[in-house]
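Right, one structure below, let's go through it.
Values below: all heavy atoms of this structure, side chains included; hydrogens, waters and symmetry mates excluded. Along the sequence shown, residues are numbered consecutively beginning with 1.
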Amino acid sequence: MAKWALVAHGGAGVIARGLLSPAQDEAYREAMGRVAQAGAAVLKAGGAALDAVEAAIQILEDDPLFNAGRGAVFTAEGDIELDASIMDGTSLAAGAVAGLRRTRHPISAARAVMAHSPHVFLGGEGADAFARSRGLEQVDPSFFFTERRWKSLVRELERQGLAIPPRPSAPPAGLDERAALAHDEGKRGTVGVVALDTEGAVAAGTSTGGVTAKRWGRVGDSPIIGAGTYATHAAGAVSCTGAGEYFIRLSVARTICALVELKGLTLQDAADQVVQRDLTGLGGEGGVIAVAPDGQMAWSFNTSGMYRARVADGQPLQVGIYKDDP
Ligand code: ASP
């Protein structure tokens, strides 16, 4: 039985072999592997699953390849609104934020809500204000800007026949080369990490910019406990990515845990049942990653690809992108 284990995803979507250039393929594999190893280093040193989840997600949030933090997608109004959540399987404590515009690491804001507020879910300006009050790094919204995501927004607004907002000014210099490698998975993307630590505790976290050209304060599954993120010592920890509206309606993360806890399914069977049968049956697309207190690791997705990596005590790092990757 693995003493510790960690699984990470960088979003699911239209990620078919041949759509990524060799340079993109390499960049995503390198990033996923590096993030998994960074999280694993925390666990190997005896660190908590929650710390591994937060540390690994912070790296993904800073990487413009992924739709979370820096490099996130734009709303129809040309803003960037970030959502995140985190959950501790031991205590069932959880924290979530939606619509952040200034907090550099939304996952840390979610953790602060969990640890330092009487609440579970904060949204909008209040969520940024809370993060600021906790001393979390605040940035100008232009920090999150990437040219590639801006172009995706313009394309999507043109497709929908919507007005194109003024281009935000002063994007930071120096990001473009890496951001230009970002693959357009089709409007979406998210990052998530689940971990089991040497104390036997599991935790899950998820962070996203949501969906390109979202409007009206739209919030997806990622910051919703039970939908995009869930963790319980009785079953495991789950993080999701995909068409949020479907994940919310199926309470995907909680349902996977319930199938393990109440019906005795293996983690992989539970993940497959919810993704391949329920989600696919409803017409939703996406994927999940999961880890159980006994060291089981699982992933399941019904899209052409999902950026993913897993590593555990005594098991080598495994990185995948496409459906037919091992
Ligand atoms: N689940 C995210 C959302 O609906 C997007 C994604 O994971 O692709 O906001």
Side-chain angles (χ1 to χ4, degrees), residues 1-12 32-33 35-57 59-60 85-94 107 111 190-207 222 225-241 252-261 264-275 286-301 306-320:
M1 195 172 98
K3 282 205 287 271
W4 56 265
L6 180 135
V7 192
H9 74 74
M32 292 310 300
V35 162
Q37 298 285 29
V42 174
L43 300 170
K44 270 186 229 169
L50 274 173
D51 291 334
V53 165
E54 183 181 5
I57 290 183
I59 297 171
L60 289 161
S85 62
I86 195 163
M87 186 160 184
D88 171 20
T90 302
S91 60
L92 302 192
I107 194 65
R111 185 161 183 188
T190 286
V191 306
V193 176
V194 295
L196 162 69
D197 66 29
T198 52
E199 298 289 312
V202 291
T206 310
S207 181
S222 306
I225 298 301
T229 301
Y230 200 76
T232 169
H233 55 85
V238 179
S239 170
C240 304
T241 170
V252 166
R254 171 65 191 145
T255 301
I256 291 172
C257 291
L259 287 172
V260 172
E261 182 181 349
L265 268 62
T266 65
L267 196 63
Q268 187 64 56
D269 284 351
D272 284 339
Q273 186 159 318
V274 175
V275 173
V288 305
I289 54 168
V291 69
D294 66 1
Q296 291 177 67
M297 296 185 284
W299 52 47
S300 189
F301 54 98
M306 179 168 81
Y307 307 117
R308 58 197 188 275
R310 62 181 168 197
V311 59
D313 175 40
Q315 293 179 40
L317 173 70
Q318 185 186 351
V319 178

* Taking all non-hydrogen atoms of both residues into account, name the closest pair between Ala237 and Ala203 and its distance. => CB-O, 3.3 Å

* Asked: Residues two or more places apart in sequence or in another chain: which of them pass side-chain contact (heavy atoms from CB on, under 4.5 Å) with Ala52?
  -> Leu6, Val42, Leu43, Ala195

* **Between CH2 on residue Trp4 and CG on residue Asp313, distance to nearest 0.5 Å** => 6.0 Å

* Measure across Ser222 and Thr190 and return the closest heavy-atom pair with its distance rounded to 0.1 Å. => OG-OG1, 3.8 Å

* To do: Evaluate the side-chain proximity of Ile86 to Thr229: yes if any heavy-atom separation is below 4.5 Å, no if none is.
  => no

* Carefully, step by step, assess Val288 and Val274 under the rule side-chain contact (heavy atoms from CB on, under 4.5 Å). => CA-CA 9 Å; Val288 305; Val274 175; over 6 Å; no

* Are the side chains of Val193 and Leu60 in touch, meaning some heavy atoms are under 4.5 Å apart? -> yes

* Asked: Would you call Trp299 and His9 a side-chain contact if the rule is heavy atoms closer than 4.5 Å?
  -> no

* To do: Could you pull out the closest heavy-atom pair between Ala270 and Val260, with the gap in Å?
  => CB-CG2, 3.7 Å

* Sidechain-backbone polar pair: Asp197 side chain, Ala48 backbone, donor-acceptor under 3.5 Å -> no

* Asked: When you look at Val194 and Met297, which way does the side-chain contact (heavy atoms from CB on, under 4.5 Å) test go after all the steps?
  -> CA-CA 9 Å; Val194 295; Met297 296 185 284; over 6 Å; no

* Can you tell me how far CD1 of Ile256 sits from OG1 of Thr232, rounded to the nearest 0.5 angstrom? -> 13.5 Å

* Structure fact -> To the nearest 0.5 Å, atom CG of Leu267 lies from atom CG of Leu259 at 10.5 Å

* Asked: Say you draw a straight line from CD of Glu54 to CD1 of Ile107; how long is it, rounded to the nearest 0.5 Å?
  -> 7.0 Å

* Asked: Between Thr206 and Ser85, is any side-chain donor less than 3.5 angstrom from a side-chain acceptor?
  -> no

* To do: Can you measure from CE (Met87) to OG (Ser239) and round to the nearest 0.5 angstrom?
  => 13.0 Å

* Asked: Are Asp88 and Arg111 close enough for a salt bridge, meaning some N to O gap below 4.0 Å?
  -> no

* Using only heavy-atom distances, determine whether the side chains of Asp272 and Gln268 contain a donor-acceptor pair under 3.5 Å. => yes

* Structure fact -> Scanning both residues in full, the closest heavy-atom pair of Ala235 with Pro293 reads O-CD, 3.3 Å

* To do: For residues His233 and Thr90, report the shortest heavy-atom separation together with the two atoms involved.
  => CD2-O, 3.5 Å

* Asked: Does some side-chain heavy atom of Ile289 sit less than 4.5 Å from a side-chain heavy atom of Phe301?
  -> no

* Structure fact -> Rounding to 0.5 Å, atoms CD (Gln296) and CG (Asp269) come to a distance of 9.0 Å

* Over all heavy atoms of both residues, which pair between Gly286 and Val275 is shortest? Give the atoms and the distance, please. => O-CG1, 4.0 Å

